[in-house]
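Okay, so here's the structure we're looking at.
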2 protein chains.
Amino acid sequence: MHEKYMKLAINEAKKAWALDEVPIGAIVVYQGEVIGRGHNLREESQSPVAHAEMIAIQEASSVIGSWRLEDTTLYVTLEPCVMCSGAIVMSRIPHVVYGATDPKGGCSGSLMNLLEEPRFNHRAIVERGILEEECGDMLRTFFKEKRAQKKQSKLKRTDS
Amino acid sequence: MHEKYMKLAINEAKKAWALDEVPIGAIVVYQGEVIGRGHNLREESQSPVAHAEMIAIQEASSVIGSWRLEDTTLYVTLEPCVMCSGAIVMSRIPHVVYGATDPKGGCSGSLMNLLEEPRFNHRAIVERGILEEECGDMLRTFFKEKRAQKKQSKLKRTDS
């Protein structure tokens with residue numbers, strides 16, 4: 001079941017990729033139904049808060065008509081950052097499932113674990129590594145292509 | 001100078017209060033000019049991300065046309081929560097000034113200090129306690145009134 005929903009989050013990530021954004025996608029599920037979708041739009045929108053999870057959470061809140069996203073599950077292709085982990089705590093999402101870990105910026109287990117922090121008034125159950133390879137491969141390929149493009153444009157500048 | 005801008009953040013907090021929202025306000029200043037304003041709208045909008053800082057940050061990004069809020073200062077009446085501290089890190093705000101501390105939920109010095117976390121790729125300079133009493137008094141009065149209203153409505157229910 002987790003894989004089925006993670007595939008939908010991956011589809012969201014691919015929408016970001018098509019816009020040349022870092023491919024990260026998220027969905028919020030309530031009673032088996034997808035009530036929020038989001039893909040990273042930071043560059044496109046030039047908004048620091050336009051992460052996949054933030055967009056999915058806002059859509060889900062609007063659908064439910066409440067800031068409390070009780071009884072929902074958030075699926076996201078990459079371990080949430082500090083802001084998105086905070087938004088998960090603020091929206092009381094009880095269940096978070098993510099794909100790839102983010103050793104450099106992840107705050108749901110890697111650098112710190114804000115989702116299972118006993119001092120907050122909310123804690124989530126976290127499941128890690130669902131379709132991890134597929135989620136991580138998207139990011140690795142994206143950044144590899146970026147580096148190749150950069151190298152190419154440097155070579156062009158040297159030629160001219 | 002800090003007090004002048006904190007008063008503008010307090011004005012924002014009062015707008016939240018007028019809507020029966022927890023009175024918290026924030027502004028973003030760039031080269032002496034206010035480029036973002038926000039007041040807590042969580043209940044009004046039923047959005048978990050409608051905190052004062054998030055709204056001010058989004059407005060500032062839209063004005064500057066960039067997700068990077070370099071060379072800005074964020075003024076906020078209450079110590080930022082986990083999500084808003086994260087959004088400050090994500091938007092690279094270099095300077096944060098807050099009024100009252102939040103021992104229960106503050107993540108910019110109280111429960112933890114996400115703004116000065118060496119493992120993140122951004123750290124802010126934080127100044128605390130500017131117009132602390134005025135900022136804190138608004139919150140104390142708001143919650144005192146709320147408790148009195150609750151007591152009153154309980155008494156009414158017992159009478160009828």
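Being a predicted model, the structure only gives us computed values, none of them experimental. Chain letters run A, B, ... following the sequence lines, proteins first and then strands; every chain starts at 1. Only this structure's heavy atoms are used, side chains among them; waters, hydrogens and symmetry mates stay out.
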Return yes if a side-chain donor-acceptor contact under 3.5 Å exists between A:E21 and A:H39, otherwise no.
no

Is there a donor-acceptor pair closer than 3.5 Å between any side-chain N or O of B:Q46 and the backbone N or O of A:W67?
yes

Below 4.5 Å, heavy-atom pairs only: which of A:V49, A:I57, A:I88 has the largest tally toward chain B?
A:V49

Cluster link A:V63 to A:Y30, ILVMFWY, side chain under 4.5 Å:
yes

Between the side chains of B:T101 and B:S110, does any donor sit under 3.5 Å from an acceptor?
no

Checking A:R92 side chain against A:H122 main chain: does a donor-acceptor pair fall under 3.5 Å?
no

For the interface with chain A, which of B:L69, B:N121, B:L111 has the highest count of heavy-atom pairs at distances below 4.5 Å?
B:L111

Looking at B:G105, B:S47, B:S66, which has the largest count of heavy-atom pairs under 4.5 Å with chain A?
B:S66

Quick one: what part of A:C81 sits under 4.5 Å from any heavy atom of chain B, side chain, backbone, both or neither?
side chain

Can you tell which of A:S45, A:S85, A:A50, A:G65 has the highest number of heavy-atom pairs within less than 4.5 Å of chain B?
A:G65

